[in-house]
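Proteins get letters first, then strands, A, B, ... in listed order; numbering begins at 1 in each. Note: hydrogens, waters and symmetry copies are ignored here, and every other heavy atom, side chains too, is used.
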Amino acid sequence: MIGLLSPKRIMFGDHAPTAKIALTSAILAFLCLIWIYPFLWMVSTSLKSNMEMFANPGLIPQELMLDNYRRAWVEANMGRYFFNTLIVTAGSVFLVTISTAMLGYVLGRYSFPGRKVFFVAFVATVFIPQGFTIIPVFELLSMMGLSANLFGLTLATSGHAMVVFVVLFAGYFSQLPKELEEAARVEGVSFFKIFWYVMLPLARPMVVTVIIMQVLHAWNDFLLPLVITLANPAIRTLSVGIYAFKGEQSIDWTGMSAAATISIVPVVILFILLQRYFINGLAGAVKG
Amino acid sequence: MYKQTQSARLIQPLDRLTCSHASTGHSTSNLMNILGTLRTYRFHYLMMLPGLVLAGMFVFYPIFAAVFYAMHDWTGFTATKIFVGFGNFTKLFQDPIFWNAFGRSLLFLAGTVPLQMTISLVLAMVLNMQLLKLSTFFRTMIFLPVVTPVAVIGIVWTFLLSPFNGPVNGLLLDLGLTSRPIDFLGSTETVMPSVIGVYIWKWLGITLIYWLAALQTVPDDVYDAARLDNCRGYRLAIHVVLPIIKPFALAILLISSVAALNVFPLIMSMTNGGPFFGSEVMEIFIYRNAFAADDGSIPQLGYAAAAGVLFGAVLLSLTILQALATRRARKSNAGGAM
């Protein structure tokens, strides 16, 4: 599983001319530069003054304006929103991984009355977009008194994307060999312990997949946090915070670029450090 | 379809051990039977409980509740919901804004998924070359937008595409490709293509990873054999590699389509659905009617819910049709092997 996406296949054959490879690399490098230009522009703008931004379209700022970051952090409250996003992401990853792994394990490995009904229900709802269910979800959270706090937001963020993960886990668990499980059962190990100590470790690749996909989902989520934080701006996530900043300060491009930079730097660092897990985890979604 | 394969495989009983001591007493009453079943499988049900509660609250209940709300006239402010039956639906059928949003959602799906899948497949094949030393680096660069929050991307792109001093217009003017700045997000003709372009930029990296994973399953000897036959380049790609990775295409298509239906964040942060509803997709229509009465009108939760139900019903039928078609295709291909 690890290192699975290292480039090793041959497209042009062993004897492809070096010039061809060099040319391909050069074209790709140029395209990549254009591809990540929005990021370069964003970081560069976040360091310019509002005046310079209009006068100097180049990427290198003449004078570093760190005040943009102060404005973003203090006035636009990015620090707080950052913390909120972290809580929602971590909380929902925990809830989703545990609950979908257990559900997928039972659905994937055992036959019991009602199994088929559950399975069909999950597969059928995969296509339902968030907009379809947002109104009842909001009403439900209001009824429970959770419509304006982080716990409610975490719960709802967990609930939305889990269907796909249940199906993925069920598929993965159904393919695992049953010798270990049976041996453990003969030894008298309880149902829950077999799952926790024997089966879950075997499903590690799928656990990584689900964690990565849920992190991406929670970090990107917008509609749900937007609706839930309408009544309580203090619990906004980064995405909603930067959207609100745009509404309030539509001319402060440099401040907004600073806010945007703040909100992506941690994920980008995390991604570069854990790249292997990201890539292999996502690959696991198609490979099953 | 990938999901169908999984479910079909799962339908066979996987573990007879646990079934063997199920209560089968014919003389006992139905109630006893049910209680007995619950007892036998209590651990199974218990283990499913957390997931089922979550799904029940946020997936299954909302579907039924949405249908219930859709039958009512309800502002959300008051407790009273007036039952109107199919009234909301008749109103929707006559609402051109609804149909435009509906069409735009499908247009978005059709505009993004095929392009995204094709471009990323070509890129994956290029990056998969053994001799290309910088593959991993390129992959990282292409993947960057995927890990960036959508709302941030939307806002940065509104700056980049701005007709006032935006870098994209700056470049176009410098190159002489246009004589005056194009208001990409401000005119109804260019807004959808612009949003579609940004969407593809944002999510291309993830499809690329899926294709790369698929390409890894092509065995080395296939390439060796192709080389002996002097088959290389695009001929190798189209005639040899493509047929092998075809089964993955369905899974990737499914995942990409599901993703392309959740476009709310990108469009909301770029255009708010404007100009003049020019980029209003279904989710924005629902949100605007339910929560954000910018124009001072009263929220219409029932009406918005009805729109969701109608759209959801269409998607569900499309899914079922697709599943049936795939199953039929599979059967005729593999002689009912699944």
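- Both the backbone and the side chain of B/Met57 come within contact range of chain A, judged by heavy atoms closer than 4.5 Å.
- Both the backbone and the side chain of A/Ser25 come within contact range of chain B, with heavy atoms under 4.5 Å apart.
- The part of A/Leu230 that comes within reach of chain B is its side chain, from C-beta onward, which places non-hydrogen atoms under 4.5 angstrom from that chain.
- Only the side chain of B/Tyr61 comes within less than 4.5 Å of a heavy atom of chain A; its backbone N, CA, C and O stay farther away.
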Subject >> Chi angles and distances behind the ring pair (Phe, Tyr, Trp, His ring centres under 6.0 Å) call for B/Trp201, A/Phe39 >> reply: CA-CA 12 Å; B/Trp201 176 79; A/Phe39 293 101; 5.7 Å; yes
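- Within the 3.5 Å criterion, the main-chain N or O of B/Ala213 finds no donor-acceptor partner in the side chain of B/Thr217.
- Contacts of B/Val53 with chain A are absent, with no heavy-atom separation under 4.5 Å from either backbone or side chain.
- Comparing A/Ile242, A/Leu33, A/Val267 by heavy-atom pairs within less than 4.5 Å of chain B, the highest count is held by A/Ile242.
- For chain B, no part of A/Ala259 is nearby; none of its heavy atoms comes within less than 4.5 Å.
- Interface residue A/Leu226: only side-chain heavy atoms are found under 4.5 Å from chain B.
- Highest contact tally toward chain A, considering only B/Leu144, B/Ile206, B/Ile142, B/Ile284, is held by B/Ile142 [criterion: heavy-atom pairs under 4.5 Å].
- For chain B, the nearby parts of A/Leu223 are the backbone and the side chain; heavy atoms of each come within less than 4.5 Å.
- Shortest non-hydrogen contact noted between A/Leu103 and A/Met162 is CD2-CE, 4.3 Å.
- Of all heavy-atom pairs between B/Tyr69 and B/Ala305, the closest is CB-CB, 3.8 Å.
- Residue A/Phe245 does not touch chain B at all, counting heavy-atom pairs closer than 4.5 Å.
- Relative orientation of the A/Phe112 and B/Tyr45 rings is perpendicular, given thresholds of 30° and 60° on the angle between their planes.
- Interface remark: A/Leu238 contributes no atoms to any contact with chain B (heavy atom separation under 4.5 Å).
- For A/Ala121, the parts lying under 4.5 angstrom from a heavy atom of chain B are both the backbone and the side chain.
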Original post:
Between B/Ile153 and B/Leu266, does a side chain to side chain contact (heavy atoms under 4.5 Å, CB included) hold up when you go through it step by step?
Top reply: CA-CA 8 Å; B/Ile153 282 187; B/Leu266 188 68; 4.1 Å; yes
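- Checking A/Phe169, A/Phe195, A/Phe192, A/Tyr172 one by one against A/Tyr105, the ring-ring contact (aromatic ring centres under 6.0 Å, His included) holds for a single residue, A/Phe195.
- When B/Ile252, B/Leu52, B/Leu46 are compared by the number of non-hydrogen pairs under 4.5 Å with chain A, B/Leu52 comes out ahead.
- Interface remark: A/Phe271 contributes side-chain atoms only to the contact with chain B (heavy atom separation under 4.5 Å).
- Heavy atoms of A/Trp41 lying under 4.5 Å from chain B belong exclusively to its side chain.
- There is a side-chain donor-acceptor pair under 3.5 Å between B/Asn272 and A/Tyr243.
- Using modelled atom types, one side-chain atom of B/Ser317 and one backbone atom of B/Ala313 make a donor-acceptor pair closer than 3.5 Å.
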